[in-house]
Each structure stands twice: as C-alpha cells, then as structure tokens.
*Asks:* 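Before I ask anything, here is the structure I am working with.
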Amino acid sequence: MQSDVVVQVNQLSKKFCRSLKRSMLYGAGDVCRNLLGFRSHSDQLRTKEFWSVEDVSFSLKRGECLGLIGPNGAGKSTLLKLLNGIIIPDRGEIRMKGRVAALIEVGAGFHPMLTGRENIYINGSILGLSKKEIDRQFDSIVAFSELEEFLDTPVKNYSSGMHVRLGFSVAAHLNPDILLVDEVLAVGDIAFRAKCRQRIQELIENGTAIIFVSHDMHTVSYVCPRAIVMMKGKVQYEGVTPTAIDVYRENAQTRGAQLTAGTGEIRITNVEKLNNRDEKQEGIGVGDFIKLRIHYRTSEQIDNPIFNIIIMEANGKQVSGIRNDYDAQQIPSISNDGYVDIMIDHFNLLPDMYSVDLVIFHSDGFSFYDRVENAIQIKVNGGRQINGTTYLPHSWGWDQ
Amino acid sequence: MMREFLGSRELMWRLFVRDLSARYRQSAFGYLWAVVPAIITVATFTWLKKGILTGIGDTEIAYPAYVLSGLAIWKLFSVGLTKAAGCLIASRNLITKVNFSRETLVFAAFGDSLFNFLIHFVLIVLVFAWYRIVPSWTVVFVPVVLVPLCLMTIGMGFILSLANSIVRDVGSSLSLLMTFGMFLTPVIYPPPTRYPMVLINYLNPVSPFITAARDLTISGTLSQPWTLLGMSIFGIILFVLAWRVFYVAMPRVAERV
C-alpha cells in the first residue's frame with residue numbers, strides 16, 4: 001500500500017439473501033462454522049442469494065473525494081457499510097489507514113425523550129468521541145447546528161431538518177482520516193446544505209479522504225473530481241465525474257418502462273431524433289439543432305389532433321413543453337399512417353439526459369388519444385457540469 | 001477484545017444513563033416505578049400465604065422481608081436477561097448504521113437491571129428496619145456472591161441477544177419462561193428439602209445465589225456451599241465463552257438483525 005493511499009479495496013464482494021427464512025438459516029450455519037473454526041461457505045452463492053456488491057476494487061488517497069453514484073439498489077450503501085466494518089465481506093479485502101467516520105445515518109442513537117444537549121453527548125460517544133473531546137468542541141457543535149435556543153428541548157419536538165442539523169453538526173466535528181457520507185445532505189434547508197458542503201471542502205483540504213454517496217448530481221460534481229458508477233453491485237465506470245454522471249444518466253434512463261394510455265384512435269408508433277439532413281442522431285451538443293419525427297398510425301379519421309411533447313429531467317421535473325395549438329398551428333384531418341415533425345433550432349438545455357413524454361390530445365385539448373411516457377431520451381453531451389438546466393444565449397462586455 | 005471493552009466504558013455509561021433518564025422523564029413517580037411491581041408481588045403473596053398458600057413453610061425472618069430479598073435477586077437476573085436479550089433488536093437502527101463495540105449494548109442493558117436492584121436494595125433496608133431484623137455481619141459478603149450471578153446473566157444475555165436477533169421466538173419464549181421461572185426458584189418459599197422438589201436447588205441456576213445471599217444475611221452460614229461454588233464457576237466460564245462467541249458472531253448477525 002502506497003504511503004498516501006488510505007483506502008484500498010480489492011475485489012470486494014458481498015451477497016444477501018432474498019428470503020428471510022433462508023437468510024436466518026444461513027446466518028445460523030455460518031456463525032456456527034465460524035465459531036468452530038471452519039471456513040463458512042460464504043464465498044459461493046446458495047439458493048436465493050445474490051451479489052449485492054461484486055468484485056469492487058478501488059483506492060483512495062489522502063485529501064481525495066470519491067463520488068459513488070448509481071440507481072437505487074445498486075449496492076452503494078452496502079459498499080459503505082462494508083467499508084465502515086458494520087458488515088463483513090464474503091470475498092475480497094479492505095485495507096484502511098486512520099480513523100474512519102461514517103455518516104450513514106445522522107443522529108444515530110438520538111433518544112427522542114432527551115434534550116438536544118444530552119443527545120449531543122450520546123451521539124458523540126457512539127461515533128467515538130470521548131467526553132473530553134465533546135466538552136472541548138461543544139460550543140462549536142452548537143454554533144454549527146444553529147440550534148442554541150432549542151438545546152434544552154427534547155429531540156422529539158425537533159423538526160426533521162433540525163434533527164439532521166444536530167446530527168450532522170456532531171459528525172462534522174469528528175475530524176476523521178476517512179469519512180463515508182451516505183446521502184445525508186439532502187435534508188436541511190439551502191443555507192445548511194451550503195454549510196455542509198463547505199465543511200466537507202474544509203475536511204478535504206485538511207487531508208481527509210471522503211467517499212460520497214448521493215443522487216444529487218450537482219453536489220457530486222461540485223465535491224468530487226472522481227466518481228464510481230455502480231449498477232447491480234458492479235462497477236460500471238470509474239473515472240472523472242462528468243463522464244461518470246453521463247454513464248449513470250444513460251443507464252438510469254433506459255431503465256424506465258414505457259407507459260401507454262389514452263382512447264387509442266391514434267397511436268404513436270415510433271419517434272426519431274434527426275439532424276438537419278434528416279439523418280438519425282444520438283447525442284447532441286448544447287444549442288444544436290434537433291428534429292423530432294413522431295410516427296403515428298390511425299384507425300379512423302382524426303380531426304385537428306393536438307401534439308404535445310414534454311421534456312423532463314431525470315428526476316421527473318418538467319423542463320419544457322411544446323404544443324402545436326399554443327404555437328397557433330392547426331394540424332388538419334389525418335388518417336392512415338404518417339408523421340409529424342417538431343424542429344427545435346437551438347436545443348438550449350445543458351448537458352444531461354432528458355426524457356420526452358408524448359401526448360396526442362383530442363381537439364378539445366383535454367382528453368387524449370395516446371400518451372407515451374419516456375418515449376425517447378435526448379442526451380446532451382458536454383464537459384463541465386454547470387448548475388442549472390438551461391443555457392441562456394448571452395454575450396459579455398466590460399469597460400476597461 | 002479487552003481493549004475494545006475498556007475503550008467503550010464511556011459509551012456504556014452514556015447508553016445506560018440515556019435509557020435510564022429517558023424512561024422516567026415523562027412520569028410523575030419517576031424511579032418509584034422500579035419497585036412498584038415488587039411491592040405488589042410481596043403484598044399479594046403475604047396476603048395469599050395467610051389464607052390459601054398455607055403450605056409454604058415458616059421462614060426465618062418476617063415473610064415480606066423474606067420474599068422481597070429473594071425477589072430483588074430474582075429480578076436482577078430476570079430483568080437483566082430480558083433486557084440484554086432484547087437490546088440488539090431495540091438498537092437495530094444503531095447496529096446497522098454505526099460501527100461501535102456492540103458488547104456495550106449488552107452491558108448497558110444489564111446495568112439497567114443493576115440499577116433496578118440498587119433501588120430494591122433501598123426498599124429492603126427499609127423493610128428490614130420496619131421488622132427490626134438485624135442482619136448477620138456476613139451480609140457484607142453478599143455482593144461477592146452476586147458477582148458470579150451477574151456474570152452468568154450477562155453471559156446468557158450475550159447468547160440470547162444473538163439468538164434473538166436471528167429468531168425472534170427467543171424473546172417471546174423468554175418472557176414466558178421468566179414468569180414461571182420465579183415460581184421454580186426459592187423466592188416466595190424457603191428452599192425445599194425433599195425429593196423431587198429439592199431439584200430446584202440444584203438445577204435452577206439462580207437458586208444457589210438467592211439461598212446463599214439469604215444465608216449470609218440471616219444465619220451467617222452457607223447451607224449449600226458446593227452448589228454455590230459449582231454454579232459460580234459455571235457462571236464465570238459461561239461469561240467468558242459467551243463474550244467470545246458474541247465477538248465472533250456479531251458481524252454475521254449484524255446484517256440479519
């Protein structure tokens with residue numbers, strides 16, 4: 001192990017059992033074997049078992065911050081628990097140097113009946129701080145949480161945001177060599193989140209190595225220069241964060257199932273992404289031209305249908321929508337098969353993976369013939385991730 | 001293992017204080033609740049003995065004092081074991097989310113029972129004073145006799161807490177067992193002298209300790225020294241082995257709690 005490498009993980013694997021009863025059985029068996037000094041057959045898959053983390057290897061140096069991203073159930077939290085020593089691996093090895101702290105759950109061991117003050121001490125001891133260390137940092141912890149007024153209020157009366165603030169404040173004073181953070185910054189208000197990010201930045205500068213799990217791509221791209229994408233327990237990609245985010249988004253999108261609804265006299269059969277020479281294209285750049293060609297099939301004559309496309313971010317937030325009736329365009333009566341084109345001259349959305357929902361409304365603009373969710377994905381390529389979704393065409397000027 | 005234990009003394013104390021102060025915070029009678037069940041039990045059996053349970057032989061000291069002393073020790077064991085067995089499940093959230101020495105939980109749970117015992121002790125002193133019972137000077141050795149009992153309880157607690165995490169039946173059957181266990185222990189009656197009832201003195205792991213503690217308090221001579229010695233050695237060995245088992249098995253159990 002090199003001198004400045006603090007975390008070294010080699011071919012780490014961990015499996016879980018889908019069936020509770022079997023899991024109990026295997027657990028009892030393994031414990032007995034371990035006690036008698038036999039090898040537990042835990043490195044092979046038995047009935048109903050699956051790998052939650054499989055063959056994961058990476059290393060981390062002092063002052064480095066590694067992002068860990070992937071869809072739900074990809075094994076991110078399991079990996080953190082393995083690193084923290086809460087559960088033991090079935091295969092592979094973990095080597096770590098220094099004091100490890102984990103923010104897998106903030107406010108671990110908080111007792112609802114006790115006051116904030118008492119809980120700071122309890123939580124601190126659980127996380128491994130001595131009474132002396134807590135005494136010394138008590139004021140700083142309280143100041144960080146901004147909960148001075150509520151210090152002698154039972155924690156059960158705290159809001160969930162206050163709960164998290166108190167928990168994070170204690171954890172932020174651990175000064176570990178290795179910090180594992182699992183999706184805890186998502187709660188709390190904007191100001192507090194900014195404070196947490198700042199604190200993490202400070203820790204990195206002081207040489208703490210951080211592994212950071214989050215679904216918030218903006219935070220990941222801010223905090224971590226390097227990231228790992230996990231899919232179904234395996235490492236899908238390891239490298240620079242922007243590429244990792246692209247890989248994650250592509251995978252997350254293709255996972256979504258298509259949903260169809262509507263009265264059905266007209267059905268969308270296919271959607272194409274074309275360039276200005278009517279050739280198919282995949283990824284586009286910010287501000288590029290894109291033509292969406294919507295193919296349909298009708299079972300009878302349709303008068304003045306209304307085509308609507310809705311462009312959404314991965315988290316389901318609508319970014320933009322286009323409707324021909326809003327654009328004062330009337331599509332005449334249509335029958336048989338055909339297509340409708342929507343030309344977007346400048347697709348001014350920032351690098352990300354966008355999904356497109358399609359709806360064909362009756363001429364009343366309310367009931368609909370067909371609705372296809374996640375009909376197509378538009379990938380906008382690009383380098384640096386900038387906060388936001390939209391590129392505003394602009395120019396600069398200055399007086400000197 | 002030992003170093004981890006010493007390192008987590010502070011945490012042990014914190015967890016103990018946490019559970020204790022949280023339990024009675026929102027109650028008017030506070031710590032009195034720790035002895036209310038004992039008072040009711042003693043009152044019930046004292047009353048029953050007058051009319052229905054006349055078969056219970058005469059005791060060397062006033063019956064309420066006799067029952068109370070036995071009950072305090074029995075509760076030290078039964079409450080300690082029940083709490084220890086349930087402590088891993090009660091702290092499930094902590095075990096699956098934070099890495100710390102888990103023995104702490106078992107020790108802290110037993111500490112709860114020890115505190116309970118101390119409160120009972122105060123009550124015993126009051127009752128003894130009321131009946132003007134002067135204990136023998138050998139009463140100072142009672143704590144020595146109780147140490148192996150504590151170790152045995154913690155040892156059993158280690159094993160049962162693990163088992164309970166994997167199969168919940170353990171906890172349910174334990175509370176059932178403890179209710180009947182009290183009647184199979186010389187708590188409300190003097191140690192039996194005739195077969196087959198005399199087996200209670202030998203097969204019930206708590207009996208020798210209760211008998212010995214009473215002997216030391218009242219007469220000053222141990223009536224069953226060898227059973228006491230055997231059970232004490234058993235308790236100590238169980239404690240050491242169980243701790244080791246707990247230490248080895250905990251990581252596998254943690255993921256299944």
Side-chain angles (χ1 to χ4, degrees), chain A residues 14 16-17 20-21 23-37 40 42 52 77-78 80-89 100-115 118-119 121-132 134 154 156 180 182, chain B residues 4 6-27 30 87 90-102 104-105 108 158-159 161-170 241-257:
Chain A
K14 176 75 199 171
F16 283 124
C17 189
L20 179 68
K21 285 263 151 63
S23 145
M24 283 158 40
L25 205 67
Y26 291 150
D30 283 345
V31 166
C32 292
R33 280 202 204 87
N34 284 357
L35 285 175
L36 298 172
S40 48
S42 64
S52 170
S77 296
T78 309
L80 279 203
K81 284 183 184 180
L82 285 165
L83 291 171
N84 194 19
I86 293 171
I87 51 180
I88 52 172
V100 185
L103 277 178
I104 290 178
E105 171 157 291
V106 282
F110 274 8
H111 198 294
M113 290 292 280
L114 301 183
T115 64
E118 289 165 306
N119 272 310
Y121 278 94
I122 293 164
N123 188 231
S125 326
I126 290 173
L127 293 175
L129 289 173
S130 68
K131 182 173 183 298
K132 226 179 281 170
I134 303 174
K156 64 174 176 180
L180 312 170
D182 189 0
Chain B
E4 212 171 277
L6 292 176
S8 53
R9 271 175 313 172
E10 202 171 301
L11 175 60
M12 225 174 275
W13 177 248
R14 286 252 164 258
L15 289 175
F16 165 65
V17 172
R18 173 189 79 166
D19 291 337
L20 197 64
S21 49
R23 175 140 18 103
Y24 299 117
R25 184 150 295 184
Q26 212 167 20
S27 81
C87 71
S91 302
R92 191 187 169 277
N93 218 15
L94 215 53
I95 289 172
T96 51
K97 303 270 168 63
V98 187
N99 189 9
F100 64 106
S101 128
R102 280 69 185 264
T104 330
L105 293 170
F158 275 137
I159 303 287
S161 67
L162 287 179
N164 201 13
S165 315
I166 298 181
V167 252
R168 296 293 139 95
D169 312 39
V170 175
L241 283 182
W243 193 352
R244 186 70 208 161
V245 169
F246 187 86
Y247 191 77
V248 173
M250 196 54 221
R252 288 242 169 253
V253 174
E255 65 193 69
R256 294 187 170 83
V257 176

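A note on names: the letters A, B, ... follow the listed sequences, proteins ahead of strands, and every chain is numbered from 1.
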*Asks:* Non-hydrogen atoms of chain A under 4.5 Å away: do they reach the side chain of B:I95, the backbone, both or neither?
*Replies:*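 Backbone only.
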*Asks:* Please flag which part of A:S77 lies under 4.5 Å from any non-hydrogen atom of chain B: side chain, backbone, both or neither.
*Replies:*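 For A:S77, there is no contact with chain B at all, as no heavy atom is under 4.5 Å.
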*Asks:* Out of B:T96, B:D19, B:V248, B:V253, return the one with the most heavy atom pairs under 4.5 angstrom to chain A.
*Replies:*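 Among B:T96, B:D19, B:V248, B:V253, the one with the most close pairs to chain A is B:T96.
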*Asks:* What do the steps show when you test B:R25 against A:T115 for side-chain contact (heavy atoms from CB on, under 4.5 Å), and what is the final call?
*Replies:* CA-CA 11 Å; B:R25 184 150 295 184; A:T115 64; 4.1 Å; yes
*Asks:* Once the angle between the rings of B:W243 and B:F158 is folded into 0 to 90°, is it parallel (under 30°), tilted (30 to 60°) or perpendicular (over 60°)?
*Replies:*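 Correct class here is parallel.
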*Asks:* In terms of heavy-atom proximity below 4.5 Å to chain A, should B:L94 be classed as side chain, backbone, both, or neither?
*Replies:*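 Just the side chain, heavy atoms under 4.5 Å.
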*Asks:* Measuring heavy-atom distances to chain B, does A:K131 have an atom under 4.5 Å in its side chain, in its backbone, in both, or in neither?
*Replies:*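 For A:K131, the contact with chain B is made by backbone and side chain together.
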*Asks:* Do A:V100 and A:L83 make a side-chain contact, defined as non-hydrogen atoms from C-beta onward lying under 4.5 Å apart?
*Replies:*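 Sidechains of A:L83 and A:V100: no contact.
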*Asks:* Between B:R102 (side chain only) and B:F100 (backbone N and O only), is there a donor and an acceptor less than 3.5 Å apart?
*Replies:*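 At least one qualifying donor-acceptor pair exists.
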*Asks:* For B:V98, is there any backbone N or O sitting under 3.5 Å from a side-chain donor or acceptor partner on A:N84?
*Replies:*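 Checking the backbone N and O of B:V98 against the side chain of A:N84, no donor-acceptor pair under 3.5 Å is found.
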*Asks:* Who wins among A:I87, A:I126, A:L127 for the most heavy-atom pairs under 4.5 Å with chain B?
*Replies:*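 The residue among A:I87, A:I126, A:L127 with the greatest pair count is A:I126.
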*Asks:* Is it the case that B:R14 places NZ or CZ above or below the six-membered ring of B:F16, under 6.0 angstrom from the centre and within 45 degrees of the axis?
*Replies:*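 Pair B:R14/B:F16 does not count as cation-pi.
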*Asks:* Chain A heavy atoms under 4.5 Å from B:E255: which part of the residue, side chain, backbone, both or neither?
*Replies:*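 Contact with chain A involves both backbone and side-chain atoms of B:E255.
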*Asks:* What part of B:R23 gets within 4.5 angstrom of chain A, counting heavy atoms only: side chain, backbone, both, or neither?
*Replies:*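 When you check distances to chain A, no heavy atom of B:R23 falls under 4.5 Å.
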*Asks:* Between A:K14 and chain B, which part of the residue has a heavy atom less than 4.5 Å away: side chain, backbone, both or neither?
*Replies:*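 It is the side chain, since no backbone atom gets that close.
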